[in-house]
Protein chains: 2
Amino acid sequence: MHPKTNKISCEECATTSCFVKRTNPEWLGKISKFKNQVVYPKGQYIFSEGSPVFGAYFIQSGDVKIVSSSFSGRQNIVRLAKAGHMMGHKGEAKENYPIGAVALNDARVCFLNNELLYDAFLNNTHFTIEIMMFYSKELRKSEMRNKFFAQMTTDEKVAYAILYAGEIVGQKNSKGQIMITLSRQELAQIAGTNAEQVSRTISQMKNEGLLSLDGRCICIENLTGVYDLLSEYEQFI
Amino acid sequence: MHPKTNKISCEECATTSCFVKRTNPEWLGKISKFKNQVVYPKGQYIFSEGSPVFGAYFIQSGDVKIVSSSFSGRQNIVRLAKAGHMMGHKGEAKENYPIGAVALNDARVCFLNNELLYDAFLNNTHFTIEIMMFYSKELRKSEMRNKFFAQMTTDEKVAYAILYAGEIVGQKNSKGQIMITLSRQELAQIAGTNAEQVSRTISQMKNEGLLSLDGRCICIENLTGVYDLLSEYEQFI
DNA sequence: CGTGCTTTTGAATAGTATCAAGGCCGGTGG
DNA sequence: CCACCGGCCTTGATACTATTCAAAAGCACG
């Protein structure tokens with residue numbers, strides 16, 4: 001089903017920010033042994049919205065979008081994740097919270113099932129504390145997003161989406177500028193608007209010299225200029 | 001400065017959902033001994049937006065609103081909290097995230113400083129895991145709020161605010177109906193709109209027989225009817 | 001060199017914030 | 001006890017922003 005690859009063990013893994021690295025040596029080996037690792041090609045679902053997840057995924061390399069659709073069929077991007085991030089973990093299994101994860105480029109992802117994960121929690125205090133802190137910080141960010149999105153204009157939300165996308169999945173060109181290859185639709189799903197508005201805002205920002213376009217690829221020409229659009233929300237960024 | 005009260009020890013405390021109850025007996029006693037406990041009268045700040053917080057607050061009884069103001073002076077309600085909830089804890093001290101907490105009625109609150117808290121994390125695995133789970137669940141709720149608020153109409157957001165307020169700070173009358181005493185302004189700060197729109201929506205819901213008003217106090221006459229307004233977002237509620 | 005998808009731009013519409021005024025209620029002081 | 005005052009609530013009119021619908025242009029693909 002999934003493409004087979006040479007598994008990279010936790011001991012060899014270069015992703016220093018991975019939470020699993022916070023476990024003690026004995027457990028690092030144990031997790032490395034029992035984890036499941038798969039390389040997902042660009043565009044493929046890592047887990048889908050319908051099916052429940054019985055564990056947690058840790059991204060070793062690559063970028064991922066976490067998506068959620070609503071009743072009306074409208075999809076939005078809950079967050080973007082890159083190497084070292086954790087996803088899919090559910091506090092309670094019975095919760096009904098349909099999210100899916102899609103690889104934005106080739107992504108190597110490790111899966112730990114709930115049993116292994118909880119054993120690791122019980123035996124590795126620092127591991128658990130770090131994940132607790134991670135959630136605490138993510139919660140804070142999410143709350144600020146809530147707060148500011150309620151009072152931002154659409155232009156500001158799009159500017160935010162561009163900065164956010166640049167931070168997580170942006171690639172630097174030869175001049176050191178940030179390039180973003182997400183589609184207008186995907187940016188709209190982050191900003192909470194539609195592709196047309198994103199296109200309008202981008203055109204406007206291009207005219208102001210903040211961005212340049214190479215086909216559908218966005219290049220941030222004036223990073224501080226974009227930040228200035230959001231100066232009222234600086235705590236957020 | 002704060003009103004003095006007879007401290008209720010953790011051993012005597014009836015708030016079974018409090019996370020501190022998940023520590024082992026030795027630590028329960030230790031926390032009980034070193035915690036700081038204060039009863040805040042209605043309307044008083046428990047901690048304010050300006051000053052940093054060096055620990056975490058656990059609500060023993062009463063209700064609290066957690067607020068955050070933006071640059072433009074607009075305040076909004078980040079979340080409501082009641083007995084057993086935790087607040088004010090920061091993953092990293094250096095973060096600049098100005099939130100404040102205000103008592104909605106007389107509230108008895110216990111404070112644990114960071115040193116005590118982290119010692120407790122290191123020595124009480126189940127305590128740490130439960131708090132991690134709490135954050136995980138809150139994050140999930142916050143993400144769904146983000147997602148749905150981006151596509152709800154104002155009427156729907158107000159309906160949500162009423163249900164949410166009813167759940168956390170609502171009081172039951174003799175008929176078992178939920179009564180809410182928050183002001184229109186406060187509901188607007190939850191719904192991400194303004195007091196006028198809240199008032200319009202409430203009038204409309206009153207005409208439809210969903211609510212009744214006693215002065216400024218809101219009584220939910222037809223709870224399932226209100227839920228039906230949000231049927232598209234049922235995962236959320 | 002078409003075909004289909006994404007992007008861009010325009011015009012019409014609908015929804016919401018803002019501004020403004022009047023009503024209700026509780027508190028205060030005469 | 002009554003009149004006044006101020007805050008909150010309600011309702012209306014207006015202006016504006018953003019969504020939707022529509023259509024044309026650009027780009028990638030076979």
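Labels below follow one simple rule: chain letters A, B, ... track the order of the sequence lines, proteins then strands, and each chain is numbered from 1.
For the side-chain contact (heavy atoms from CB on, under 4.5 Å) criterion with D63(B), the lone passing option out of V102(B), L104(B), L80(B) is L104(B).
In this pair, F47(B) and Y57(B) present their aromatic rings parallel. The plane angle is below 30°, not in the 30 to 60° band.
Crowding of N207(A) atom CG: a count of heavy atoms from other residues, nucleotides or ligands under 6.0 Å exceeding 12.
Distance check: N105(A) CG to Q171(A) CD gives 7.0 Å after rounding to the nearest 0.5 Å.
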So if I define the base as every atom that isn't primed, P, OP1 or OP2, how would nucleotides 4-11 of chain D read as a B/S/- string at a heavy-atom cutoff under 4.0 Å?
----SSBB
Decide ring pair (Phe, Tyr, Trp, His ring centres under 6.0 Å) for F149(B) and F149(A); before the verdict, give the C-alpha distance in whole Å, the side-chain angles of both, and the deciding distance to 0.1 Å.
CA-CA 9 Å; F149(B) 264 43; F149(A) 265 43; over 10 Å; no
So R140(A) and E143(A), salt bridge (Lys or Arg N to Asp or Glu O under 4.0 Å) or not? Walk me through it.
CA-CA 5 Å; R140(A) 204 146 297 219; E143(A) 283 175 348; 5.6 Å; no
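Residues in residues 170-217 of chain A take part in no ring pair (Phe, Tyr, Trp, His ring centres under 6.0 Å) pair, two or more places apart or across chains.
Taking a heavy-atom distance under 4.0 Å as the criterion, the stretch of DNA chain C touched by chain A extends 5' to 3' from dT6(C) to dA11(C).
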